Amino acid sequence: TDPYYAFANMTQAMREHPKEIVRVIQGFSDWLSENYEVVYALADVEESNAPSVLQRAGFKYYSNTVQGDVYKWHRPQFH
């Protein structure tokens with residue numbers, strides 16, 4: 001099967017509500033944990049905050065492509 005990819009678009013109106021952004025990121029991370037094992041995301045080269053937003057959601061740097069940096073999220077394992 002093909003891997004799953006995450007996508008988000010940050011608008012200027014959204015930037016005016018940073019606490020809401022953090023809440024949505026946490027909810028997204030929780031939702032990923034309930035539904036997926038592995039998800040990839042491509043950091044938007046035109047969005048300077050993209051890496052930090054991805055990292056806040058639990059993504060880790062994975063590799064670089066001609067389109068930009070790829071981040072990988074893996075469901076946390078509890079032992």
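What you see is a predicted model, and the numbers here were worked out from it, not measured in a lab. Residues take their numbers from the sequence shown, with the count starting at 1.
Partners of Tyr36 by ring pair (Phe, Tyr, Trp, His ring centres under 6.0 Å), not counting sequence neighbours, listed by chain and number: Tyr4, Trp31.
Between Tyr71 and Tyr61, the two ring planes are perpendicular [angle over 60°; tilted spans 30° to 60°].
The distance from the OG atom of Ser33 to the NE2 atom of His74 is 11.0 Å, given to the nearest 0.5 Å. Separating the CD atom in Glu16 from the OG1 atom in Thr11 is a distance of 8.5 Å, to the nearest 0.5 Å.
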Open item on the list: Walk me through whether Leu42 and Thr65 qualify under side-chain contact (heavy atoms from CB on, under 4.5 Å).
Closed with: CA-CA 9 Å; Leu42 181 65; Thr65 69; 4.1 Å; yes

- [ ] Determine, stepwise, if the pair Val22 / Arg56 fulfils side-chain contact (heavy atoms from CB on, under 4.5 Å).
- [x] CA-CA 8 Å; Val22 171; Arg56 186 178 288 262; 3.9 Å; yes

Open item on the list: One pair to check against side-chain contact (heavy atoms from CB on, under 4.5 Å): Arg75 and Glu37. What are the steps and the verdict?
Closed with: CA-CA 5 Å; Arg75 179 186 296 166; Glu37 290 285 331; 2.7 Å; yes

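Smallest separation of non-hydrogen atoms from Val38 and Lys72: CG1-CE, 3.6 Å. Between Ala57 and Trp73, the closest heavy-atom pair is O-CD1, 3.6 Å.
Following chains of ILVMFWY side-chain contacts shorter than 4.5 Å, one cannot reach Ile25 starting from Leu54, and the two form parts of different hydrophobic clusters. By the criterion of side-chain heavy atoms lying less than 4.5 angstrom apart, applied directly or through intervening Ile, Leu, Val, Met, Phe, Trp or Tyr residues, Val24 is not grouped with Met10; the two fall into different hydrophobic clusters.
Residues Phe59 and Val70 are not in side-chain contact: their nearest non-hydrogen atoms beyond the backbone lie 4.5 Å or more apart.
Between Tyr40 and Tyr62, the ring center distance clears the sub-6.0 Å criterion.
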